[in-house]
Structures are given as C-alpha cells and as structure tokens.
Amino acid sequence: MAVITNDIIKEVKEVICDFFAEECEVDRSTITDNTRIIKDLGGDSLMFLELIEIFKKKYNLDVELKTIGKYTVKHPVETIGQLIETQMKIIEFENKLIDLEK
Amino acid sequence: MYLQEPAFVFPAFANNYTHEAKEALPGLEIRFREMLTLFSEDLARFDFVTNNFLGDEFLTQVITYAYSCAVSDMLREKGYRAAYVSGFSMGIYSALYHAGSITYKTGLDLLSKAYHDSVECLPDETFTMGTVIGLSPSDVNGLVEKYRLPLEIINQSSPVTITVSGPSAPVRRLLEEAIGEGALKTHILNVSVPYHTHYLEPVAVSFSVHARNAAIHPPTIPVLSQIDQRILHTADDIREELVKNLFRHMNSMNAHETLLSLGVKTFVECGPGRGMKRNARFLEGDFRFYHPSELLSESYLQPEEPPLK
C-alpha cells in the first residue's frame with residue numbers, strides 16, 4: 001500500500017487532465033473536477049483503461065483490472081474529479097481495493 | 001512524412017463523426033459526398049455533427065465505406081503507399097477498393113447484398129453484438145460456458161477487449177454477468193445481424209453466387225485476412241474471404257501481430273473514428289499508429305523516401 005502524498009495527488013491530476021486534453025482535443029484549462037468525461041469531453045472506456053495502464057507502469061502497481069472493475073461498479077466514474085479519486089484509491093490500495101467493499 | 005512499411009487498416013463502421021467534423025480535412029468532404037451520391041443523393045446529406053442516418057444499420061456501413069474509400073484515395077494521391085491492407089469485418093470492402101481488387105460501385109453492391117442476404121436468412125429472433133472491456137477471452141468464455149449462453153466470441157481486438165455476437169437476450173445477459181465479473185465496461189453494438197457467427201452460414205450459398213459474379217481482380221496490394229491472418233493474393237482468395245467474412249470469427253489482435261511480423265512499422269486507420277488506433281495502444285510491439293488527419297493536414301510535409309546511404 002502506497003502512502004499518498006500531495007506530490008502524488010498533484011501528479012495524478014496533471015497526468016489525467018493532460019491526457020484528456022490531448023485525446024479529446026480540448027483546451028487543458030477548461031477541464032475541471034466537474035467536467036463530465038463522456039458527455040463533456042467525448043471520452044470513452046478505452047481511455048479509462050489506458051490511464052489505468054499508464055498509472056500501473058508509473059507506480060509499478062500490482063492490481064488486476066477485474067478488481068478495478070468490481071470497485072467501479074460500486075463507485076461509478078462520471079467526472080474528472082471522480083476519476084482522480086478512483087485513481088488515488090487504486091494507487092493506495094492496489095489489489096486490496098476489493099477489501100474496501102467488505 | 002515517410003511511413004516505413006505501412007499497413008492501411010479499415011474499420012467496419014463508426015457511430016460518431018465528431019472528430020471528422022472538427023478536422024474538416026481539405027478536399028475530403030467533397031469527395032466523400034460524391035461517393036455517397038453514388039449510393040443515393042439523400043444519403044449525401046449526411047451530416048458530421050447531427051450524425052443523421054446513423055440509426056440505420058446498413059446506411060452506417062455505407063457511410064463508413066464511402067468515407068474510408070475517400071480518405072484512402074487522398075492518402076494515395078498524397079503519395080502514401082500501403083505495403084499491406086486489411087479490413088475489419090465489413091471494412092474488407094474498402095480495403096479491397098484501395099487494393100484495386102474491386103471498384104467503388106462493386107463494393108457498394110456487395111456490401112448491400114451481404115447485409116440484405118444476411119437479414120433474410122436469419123430466423124425470427126432478435127440478434128445483436130456486444131463488447132466487453134477489461135476481461136480476458138478465457139474470462140468471457142468462462143461466463144459463456146457457465147451460463148450456457150448460445151453466443152460466440154467473434155473477435156479479440158486487445159488482450160482485454162472481446163466482442164460477442166448472437167441472439168440479443170444471451171448477449172445482454174453476458175454483458176451483465178461480465179460487469180459482475182469485473183469488466184470495466186460493456187456495450188451493445190448498434191447492429192441486429194449476428195455477424196461472424198454460425199447463424200449466417202446459410203448466407204454462404206446465395207452470397208457465393210454474388211461473389212462469383214462480381215468483377216473481382218487480384219489485389220495490387222497484399223490483403224491480410226482478419227479471419228485466419230493469411231495473405232490473399234488472387235481473385236478467388238478474395239471471393240472465398242468475402243463469403244467467410246460473414247460467418248467466421250475474426251481476430252484483429254492476431255492480424256495486427258501478423259502484420260508486425262511481416263515488417264510493418266506503421267499503421268494508418270483509414271476510416272472515421274479512432275477505435276482501431278485506441279485498441280492498438282494495448283498491443284505489444286514497435287510500431288506507430290496514425291489517423292489520416294495526421295497525414296493529410298497541410299501542416300505535414302509530403303512523404304518522401306529516405307535518402308539512400
């Protein structure tokens with residue numbers, strides 16, 4: 001389990017916002033925590049999957065996609081803020097994410 | 001820009017043209033509409049923003065076919081030469097057009113016959129297709145077996161992107177169970193024909209006749225099969241492939257890997273949308289994947305051969 005620092009939070013937020021700005025061809029400054037990924041940006045689930053892979057490599061995470069899938073069923077991700085929050089949980093708990101639901 | 005050993009790959013269809021509205025590639029829209037007019041003047045009023053006509057399963061295929069043919073023509077005129085072409089599902093027709101195996105009109109005719117023959121042969125039951133993202137083929141197959149669902153896994157486009165096809169109720173059930181199993185996302189495709197399944201085997205008889213009577217020429221560019229990953233060289237190879245393309249499973253991940261093994265270093269997604277390019281990000285290998293907008297916009301240099309050393 002990783003200790004979440006302010007630097008990690010800042011980095012995760014930057015990676016996510018930069019990613020969507022580039023992928024969805026929108027001005028980075030228009031993306032806020034309340035921006036809706038699908039409705040406002042035209043994003044899709046493959047982008048979410050790609051971000052997971054980016055963070056898995058970046059932080060050397062041991063987490064199965066299925067674990068993340070089971071977590072997001074109960075904690076749906078609609079906005080950039082929710083995605084950042086979910087990503088922080090993945091980094092912090094990795095495969096133990098599933099235990100949060102028990 | 002010089003592309004090293006490029007493969008032009010052609011999607012089956014797209015349900016959203018938002019990117020195409022933004023890009024407005026010079027000259028493309030005029031050519032695209034001319035091609036749509038050859039099908040019908042009404043369809044030429046297709047709008048990139050409102051996406052009219054995309055509720056119609058067959059017209060969606062025609063629009064994608066026209067767009068893919070138009071964009072691949074422009075790439076050729078700009079000097080981009082494909083080392084291989086490969087068409088995903090009904091994208092085979094635009095791949096064959098680009099390879100000089102069929103004319104645009106022959107492609108339209110075969111696309112139409114493939115769709116209408118398929119619809120006519122189906123039993124009185126509703127069908128669809130669906131995609132599961134986040135589970136492996138063995139996970140999905142485990143669910144199919146566990147619940148004895150009469151559907152087929154018809155494509156794998158990445159290690160965790162699986163497409164199934166079959167009767168609507170079992171497909172929907174599978175997608176529900178997949179979410180419970182930990183899939184990140186599932187979605188139903190806007191189709192009513194169970195392409196690439198045994199349900200379409202009866203079409204082989206009538207469609208073989210159409211394929212035999214159609215003017216099909218040996219391709220000038222090698223065509224890679226998405227079904228069994230062999231290279232199609234002759235007109236008879238093409239005819240056989242067109243028939244099998246209706247009821248045989250595909251594996252676009254294997255097709256991608258085969259192209260890499262043949263020396264392909266760059267891929268160009270010749271069609272609307274970005275689906276193939278996005279899926280390719282989950283595939284291993286040393287390659288680059290382009291969308292035509294990256295090659296056709298005026299800011300890019302004309303392609304040139306690298307200097308001889």
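Just so we're on the same page: letters track the sequence lines, and every chain starts at 1.
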**Asked** CG of B:Leu151 to CE of B:Met129: how many Å apart, nearest 0.5 Å?
**Response**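 Here the interatomic distance stands at 11.0 Å.
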**Prompt:** Where does A:Glu50 contact chain B at under 4.5 Å (heavy atoms): side chain, backbone, both or neither?
**Reply:**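 Contact with chain B involves both backbone and side-chain atoms of A:Glu50.
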**Prompt:** Would you call the rings of A:Phe55 and A:Tyr59 parallel, tilted or perpendicular, where under 30° means parallel and over 60° means perpendicular?
**Reply:** parallel
**Request:** Could you tell me whether a side-chain N or O of B:His291 sits under 3.5 Å from a main-chain N or O of B:Gly271, the two making a donor and an acceptor?
**Result:**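 Such a contact is found between B:His291 side chain and B:Gly271 backbone.
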**Prompt:** For chain A, which residues from residues 155-164 of chain B have at least one heavy atom closer than 4.5 Å to it?
**Reply:** B:Val160, B:Thr161
Ignoring hydrogens and angles, write down the donor-acceptor pairs under 3.5 Å from the side chains of residues 174-183 of chain B, residues two or more places apart or on other chains.
from, atom 1, to, atom 2, distance (Å)
B:Glu177, OE1, B:Tyr147, OH, 3.2
B:Glu177, OE2, B:Arg173, NE, 2.9
B:Glu177, OE2, B:Arg173, NH2, 3.3

**Message:** Quick check on B:Lys277: does its NZ atom have over 12 non-hydrogen neighbours (other residues, nucleotides or ligands) under 6.0 Å away?
**Reply:**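 Enclosed: over 12 neighbouring heavy atoms sit under 6.0 Å from NZ of B:Lys277.
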**Atom group of B:Asp139 that falls short of 4.5 Å from chain A, counting heavy atoms** =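 For B:Asp139, side-chain heavy atoms alone lie under 4.5 Å from chain A.
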**Fill in**
Quick note, salt bridge (charged side-chain N to carboxylate O under 4.0 Å, His left out) partners involving residues 76-98 of chain A, not counting sequence neighbours, are none
**Residues that A:Asn95 engages under side-chain contact (heavy atoms from CB on, under 4.5 Å), provided they are two or more places apart** = A:Asp62, A:Val63, A:Glu64, A:Thr67
